[in-house]
Q: 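I have a structure I would like to understand better, so I am pasting it below and will then ask my questions one at a time.
Residues: numbered from 1 along the sequence shown.
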Amino acid sequence: MSDRPTRTPTGDGDTRLSRRRLLSGSLGMAALAGVGSLTSGCGIAGALGNDRPLRLIVTESAPFQEPTKLAEQILEQDGWDVSVTYVTDIIQPNHAVSNGEYDVNFFQNISYLRQFNEDNDLDIQPLFFMFEQPSGIYSAFHDTLEDIPAGARIALPVDTATNGRGIRLLARGGLIEIDESTHVAALSVHDITANPLDLEFVEVDQQSVGQIYPDVDAVFGFARLLAEVNVMPEEVLIMESSEEALPFALAVCARPGFAEEEPEKLEALTSAFHDEEIAAWYGDYLDGILTPAFDRDIHSAWEDVNSR
């Protein structure tokens with residue numbers, strides 16, 4: 001451990017949400033997909049003229065932004081000239097890293113990254129995991145999966161890398177049958193082989209599940225987003241296991257070759273982002289709803305995601 005002074009976690013880490021069954025409001029979070037425009041943070045001008053620059057592009061959302069601010073303090077105290085741009089976009093960060101404008105990005109899970117690489121002929125690589133966010137099926141009207149009626153409307157995320165997670169859980173819960181040979185990151189409603197309840201699937205932006213929660217029979221959503229509208233994990237009808245969630249753990253990523261060509265930067269980033277203070281921030285955020293994944297093997301997980 002270094003002799004850096006102790007810092008107090010800031011931001012949303014002190015948030016405490018009461019448990020309520022009924023939806024009490026909406027945070028109106030900005031949709032990430034397809035925005036396309038970047039909102040500048042510190043910019044990259046500060047990196048010019050310094051022989052230890054680090055340039056990061058990060059999602060403008062508490063579980064990404066607040067740990068990055070803490071890591072930035074650590075890196076700067078260790079002599080790095082850090083510049084961070086915060087965005088509400090999930091397209092530009094990979095292109096910006098690929099073309100060398102930034103060293104790393106922090107916004108995506110590795111299943112999304114695999115699909116993005118395939119769709120855009122890129123080879124962005126994950127460097128290390130940051131956190132896992134449990135996801136499940138929730139309902140404002142039904143207490144168990146067995147209570148979901150024929151013709152029920154089920155909301156699922158529209159993006160390919162997340163859509164299949166909800167479909168797989170519905171299949172595990174016995175409401176539908178699916179083609180089990182299809183990898184979860186590639187599953188869609190087209191892979192449903194039996195739908196005895198004639199369920200209707202409503203596809204929405206993954207950030208919108210809180211808004212649509214009271215309007216459908218059930219939703220598949222991230223526990224974090226639902227907790228922000230006072231729907232807590234203990235109210236879930238069915239939840240992913242830790243192993244089911246691993247391909248969707250959030251990671252810091254870089255262009256191909258970064259780890260081999262920039263070992264000092266990689267070591268500094270890993271040490272800063274995996275600092276015990278950041279682990280404590282995740283432990284405090286929404287009563288610990290997000291689990292640090294610092295010790296998860298990203299190399300084997302990435303190999304597994306790409307092998308199917």
Side-chain angles (χ1 to χ4, degrees), residues 17-29 31-33 109 111-112 132-248 286-287 289-290:
L17 297 181
S18 61
R19 182 183 177 189
R20 285 205 296 251
R21 184 67 183 174
L22 297 178
L23 180 69
S24 66
S26 166
L27 297 184
M29 294 182 66
L32 293 181
N109 67 61
S111 289
Y112 174 87
E132 299 172 64
Q133 53 178 345
S135 300
I137 304 291
Y138 295 78
S139 174
F141 306 104
H142 310 295
D143 293 328
T144 68
L145 285 178
E146 290 75 17
D147 293 333
I148 292 179
R153 300 174 72 229
I154 312 293
L156 298 172
V158 68
D159 61 290
T160 303
T162 309
N163 188 280
R165 299 169 75 177
I167 292 172
R168 178 181 59 187
L169 279 181
L170 290 170
R172 179 152 67 82
L175 272 66
I176 59 175
E177 296 178 13
I178 60 174
D179 179 356
E180 298 287 352
S181 68
T182 303
H183 188 273
V184 60
L187 272 176
S188 75
V189 293
H190 302 294
D191 297 297
I192 296 173
T193 58
N195 183 8
L197 293 177
D198 196 26
L199 301 176
E200 177 186 351
F201 299 101
V202 181
E203 295 187 329
V204 299
D205 181 87
Q206 62 179 270
Q207 303 295 315
S208 302
V209 295
Q211 285 79 9
I212 200 171
Y213 173 72
D215 299 323
V216 294
D217 288 275
V219 301
F220 170 82
F222 303 150
R224 169 177 64 91
L225 296 179
L226 286 158
E228 288 173 341
V229 293
N230 295 334
V231 181
M232 303 308 287
E234 53 265 38
E235 300 175 50
V236 72
L237 304 187
I238 185 170
M239 180 73 80
E240 288 176 325
S241 69
S242 178
E243 288 309 308
E244 285 176 327
L246 183 59
F248 304 94
L286 297 177
D287 291 331
I289 204 168
L290 303 180

Q: To the nearest 0.5 Å, tell me how far I192 CD1 sits from I176 CD1.
A: 4.0 Å

Q: Let's go through L199 and F201 carefully: what are the C-alpha distance in whole Å and the side-chain angles of both, what is the deciding distance for side chain to side chain contact (heavy atoms under 4.5 Å, CB included) to 0.1 Å, and is it a yes or a no?
A: CA-CA 6 Å; L199 301 176; F201 299 101; 4.0 Å; yes

Q: Using side chain to side chain contact (heavy atoms under 4.5 Å, CB included), reason through V158 and V204 one step at a time and then give a plain yes or no.
A: CA-CA 5 Å; V158 68; V204 299; over 6 Å; no

Q: Output the distance between atom CZ (F222) and atom CZ (R165), rounded to the nearest 0.5 Å.
A: 5.0 Å

Q: Tell me the closest heavy-atom pair linking S188 and I167, and the distance in Å.
A: C-CD1, 3.2 Å

Q: Over all heavy atoms of both residues, which pair between S135 and F220 is shortest? Give the atoms and the distance, please.
A: CB-CZ, 3.4 Å

Q: Please report the interatomic distance CD1(I154) to CG(N195), rounded to the nearest 0.5 Å.
A: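 Reported to 0.5 Å precision, the distance equals 9.5 Å.
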
Q: Of the options Q206, R168, E203, which is the one that meets N163 in a side chain to side chain contact (heavy atoms under 4.5 Å, CB included)?
A: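 Of Q206, R168, E203, side chain to side chain contact (heavy atoms under 4.5 Å, CB included) with N163 is met by E203 alone.
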
Q: Do side-chain atoms of T193 reach the backbone of D179 as a donor and acceptor pair under 3.5 angstrom?
A: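 No.
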
Q: To check you understand the geometry: which heavy-atom pair defines the closest contact between V216 and A155, and what is its length?
A: CG2-CB, 4.1 Å

Q: Starting at CD of E132, measure out to CG of L246 and round the result to the nearest 0.5 Å.
A: 6.0 Å

Q: Might you work through the side chain to side chain contact (heavy atoms under 4.5 Å, CB included) test for V202 and L156, ending with a clear yes or no?
A: CA-CA 6 Å; V202 181; L156 298 172; over 6 Å; no

Q: Going from OH on Y138 to CE on M232, what distance comes out if it is rounded to the nearest 0.5 angstrom?
A: 8.5 Å

Q: Calculate, to the nearest 0.5 Å, the distance between atoms NE2 and OG1 belonging to H190 and T182 respectively.
A: 12.0 Å

Q: Charged N to carboxylate O below 4.0 Å: is that the case for R172 and E244?
A: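 Looking at R172 and E244, the cut-off is met.
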
Q: Tell me, do D205 and P157 make a side-chain contact under 4.5 Å, heavy atoms counted?
A: no

Q: Please report the shortest heavy-atom distance between V236 and G136, naming the atom on each side.
A: CG2-CA, 3.9 Å

Q: Is there side-chain contact between M239 and P134, with at least one heavy-atom pair below 4.5 Å?
A: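 Side chain of M239 against side chain of P134, heavy atoms only: contact under 4.5 Å found.
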
Q: On a heavy-atom basis, which atom in I137 and which in G166 lie closest, and how many Å separate them?
A: CD1-O, 4.1 Å

Q: What closest approach, in Å, do L286 and A227 show between heavy atoms, and which atom pair accounts for it?
A: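 Reported closest heavy-atom pair: CD1-CB, 4.1 Å.
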
Q: Any side-chain heavy-atom pair from F141 and I148 closer than 4.5 angstrom?
A: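 A side-chain contact under 4.5 Å is absent here.
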
